[in-house]
Amino acid sequence: MGDVFERLGIPTIINAKGTATRLSGALLAPEVVEAMAEASRTPVDMTVLQARASEIIAEATGAEAGYVTSGAAAGLLLGTAAAVTGLDPARMNRLPDTRGMANRVVVARSHRNFYDHAVRTCGVRLVEVGLADRFAGAGVRDTEAWEIEAAIDARTAAVLYVAQPHSQPSLPDVVAVARARGVPVIVDAAAQLPPAANLRRFIAEGADLVVFSGGKALGGPQASGILAGRRDLIQAAALQHLDTDIHFAQWNPPPAFLDKSRLPGLPQHGIGRPCKVGREEVVGLLVALRRFIAEGDAAREARWTARAEALRDALADLPHAEVTLVPDSYRPGMAGVRLRLDEAAAGFDAMALLNRLAAGEPSVHADNSQVGDGIVGFAPICLRDADIDIVARRVAQELRRNS
Ligand SMILES: *Cc1c(COP(=O)(O)O)cnc(C)c1O
């Protein structure tokens, strides 16, 4: 019999990398899975579902409104579309053709990343400013808020801000200059949970919209995310995502969520329609969000740290390896295990170790983010209890191979 993957003939893996999308995201708690299964058995009106999700997300984030997306990247797409079109259905229908609209998004050059493709999908042009001179070691500065301010003009639809513990300039400084010019700030905080306080932080610092991934540490479905922020922008986002195959006369959305009186009619299916979410994802995300808040940082940190310590202990005393627990000072509970390989003594490098672990049986995917420094990382968050011994056995096999 086996599990569903066995029945379908699909090999599974051990995920010691973390909640990466390519490795299928978070492990879902039974309560989340059961809620999704339960939701799958009963029809709902998706607009009514999202209206209630909006209230729950608003409560959790301190924002005016919220929306469940198919991921943080989808949230960036919907948020950008909202900033470009406002509540004008004619503009919504024209996207990604943004001719005649404010269609530029200002971003600090150091904040550019592959996910901003979701922003560019809306037909906007990114205007990069500043120079991350600090990275070269030649200088100390990064983009400064005045440079963002200087780049804002009548064509600016939004400012994109990617939140990381080391992001510069600070969000409050960026908000101050954008607000003065009436331009919304969209914050990509996809992976900035935990701490749970970050659910409220970016909104409190003045973000007009913020996105979080549902499928990372939040523990929600892989294809889920949160968009939270200003009510008018959430309305514009919803209108470009929800299925609108209905006569305007029939359409009676909950007024606190979508104010029909502000619209001349319904837009066609919007630019966000390809990233639709099902009721299972919406419900799964909401239950995961409540669990995430209820567990709290301290208990979560204890749970994940215990697993990381068990893995560190299981990896002790291996040849050619120095194994340490590395705490994450910004994200409580996100401590990882670092294996520094003595590549010369081992006779192979960290990339080879990563590849051999992945090619083995079972396939073990470790953290590749520092492979260039001879480091293979192991994150506890997607490991099941039984995985720890398997990971340790596979690593030991590879390290003892030539000794
Ligand atoms: C993970 C991530 C995303 C994408 O999130 P999804 O929920 O997978 O769509 C976007 N931005 C950053 C910075 C991320 O880390």
Donor-acceptor contacts, no H, no angles, side chain residues 137-144, under 3.5 Å, sequence neighbours left out:
residue, atom, partner, partner atom, Å
D142, OD1, S110, OG, 2.9
D142, OD2, S110, OG, 3.1
D142, OD2, R134, NE, 2.8
D142, OD2, R134, NH2, 2.8
T143, OG1, V129, O, 3.0
E144, OE1, W146, NE1, 2.9

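- V119 has its side chain out of reach of V107: every pair of non-hydrogen atoms, C-beta onward, lies at least 4.5 Å apart.
- Environment of CD in E309: crowded, with over 12 heavy atoms of neighbouring residues, nucleotides or ligands closer than 6.0 Å.
- Around the CZ atom of F5, the shell of radius 6.0 Å holds no more than 12 heavy atoms that belong to other residues, nucleotides or ligands.
- Ring geometry for H111 versus Y161: interplanar angle over 60°, hence perpendicular rather than tilted (30 to 60°).
- Judged by distance alone, the side chain of K260 and the main-chain N or O of P254 form no donor-acceptor pair under 3.5 Å.
- Distance alone, capped at 3.5 Å, places no donor-acceptor pair between the R312 side chain and the V323 backbone.
- Residues R303 and E295 are paired through a salt bridge, judged by an N-O separation under 4.0 Å between the basic side chain and the carboxylate.
- D328 contributes a side-chain N or O that, together with a main-chain N or O of Y330, makes up a donor-acceptor pair within less than 3.5 Å.
- In terms of modelled atom types and a separation under 3.5 Å, the side chain of S363 and the main chain of A358 share a donor-acceptor contact.
- The nearest pair of heavy atoms linking A158 to A83 is CB-CB, 4.1 Å.
- Looking at R120 and D116, a side-chain N of the basic residue comes within less than 4.0 Å of a carboxylate O on the acidic one, giving a salt bridge.
- One side chain, Q240 or T85, offers a donor N or O that lies under 3.5 Å from an acceptor on the other.
- Looking at every heavy atom in both residues, L27 comes nearest to C382 through CD1-O, 3.4 Å.
- The distance from atom CZ of R94 to atom CG of D88, rounded to the nearest 0.5 Å, is 8.5 Å.
- One finds the CD atom of Q235 at 5.5 Å from the CG atom of L258 (value rounded to the nearest 0.5 Å).
- Distance alone, capped at 3.5 Å, places no donor-acceptor pair between the T156 side chain and the R104 backbone.
- For E38, the CD atom sits in a loose shell: 12 or fewer heavy atoms of surrounding residues, nucleotides or ligands are nearer than 6.0 Å.
- Between R307 and D385, at least one side-chain nitrogen of the basic residue sits less than 4.0 Å from a carboxylate oxygen of the acidic one, meeting the salt-bridge criterion.
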* To do: Run the numbers on V183 and D208 for side-chain contact (heavy atoms from CB on, under 4.5 Å), then give the verdict.
  => CA-CA 9 Å; V183 170; D208 296 276; over 6 Å; no

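- Residue H247 qualifies as open at atom NE2: its count of foreign heavy atoms under 6.0 Å is 12 or below.
- By the neighbour-count criterion of 12 heavy atoms within 6.0 Å, atom CZ of R125 is sparsely surrounded, having that number or fewer from other residues, nucleotides or ligands.
- Across every non-hydrogen atom of G360 and R394, the tightest pair is CA-NH2, 3.6 Å.
- The CD atom of Q192 lies 11.5 Å from the CG atom of L199; values are rounded to the nearest 0.5 Å.
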* For V395 and L357, run side-chain contact (heavy atoms from CB on, under 4.5 Å): C-alpha distance rounded to whole Å, both residues' side-chain angles, the deciding distance at 0.1 Å, then the answer. => CA-CA 7 Å; V395 174; L357 290 172; 4.0 Å; yes

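- Stacking of K216 on the aromatic ring of Y115 is recorded, both the 6.0 Å distance cut-off and the 45° axial limit being met.
- No donor-acceptor distance shorter than 3.5 angstrom exists from the side chain of R230 to the backbone of L209, with no hydrogens or angles considered.
- Checked by atom type and distance alone, the side chain of T244 pairs as donor or acceptor with a backbone atom of P267 at under 3.5 Å.
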Which pairs would a plain distance check flag for residues 39-46, meaning a side-chain donor or acceptor within less than 3.5 Å of a matching protein atom at least two apart in sequence or in another chain?
residue, atom, partner, partner atom, Å
S40, OG, A37, O, 2.5
D45, OD1, T47, N, 2.8
D45, OD1, V48, N, 3.4

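- Here the side chain of S54 pairs no donor or acceptor atom with the backbone of Q50 at under 3.5 angstrom.
- Distance check, rounded to the nearest 0.5 Å: CE of M101 to SG of C122 gives 10.5 Å.
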What pairs of donor and acceptor atoms, side-chain ones from residues 17-26 against any protein atom, are under 3.5 angstrom apart with sequence neighbours left out?
residue, atom, partner, partner atom, Å
K17, NZ, D367, OD1, 3.3
K17, NZ, N368, OD1, 3.1

* Asked: Going through the checks in order, is the side-chain contact (heavy atoms from CB on, under 4.5 Å) test met by H241 and R273?
  -> CA-CA 5 Å; H241 184 258; R273 180 63 177 74; over 6 Å; no

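- The CG atom of L285 sits 6.0 Å away from atom CG of L218, with the distance rounded to the nearest 0.5 Å.
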* Passes side-chain contact (heavy atoms from CB on, under 4.5 Å), R340 versus T324? Steps please. -> CA-CA 8 Å; R340 184 185 292 280; T324 45; over 6 Å; no

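- Among all heavy-atom pairs drawn from A178 and I152, the shortest one is CA-CD1, 4.0 Å.
- Contact record, R356 with F348: NH1-CD2, 3.3 Å, taken as the closest heavy-atom pair.
- With N93 contributing its side chain and Q268 its backbone, the two residues share a donor-acceptor pair below 3.5 Å.
- By the 4.5 Å heavy-atom criterion applied to side chains, L286 and R290 are not counted as neighbours.
- In this structure, S224 contributes its side chain and G220 its backbone to no donor-acceptor pair below 3.5 Å.
- The CG atom of L315 lies 14.0 Å from the CZ atom of R338; values are rounded to the nearest 0.5 Å.
- Applying the 6.0 Å contact sphere to CZ of R109 captures more than 12 heavy atoms from other residues, nucleotides or ligands.
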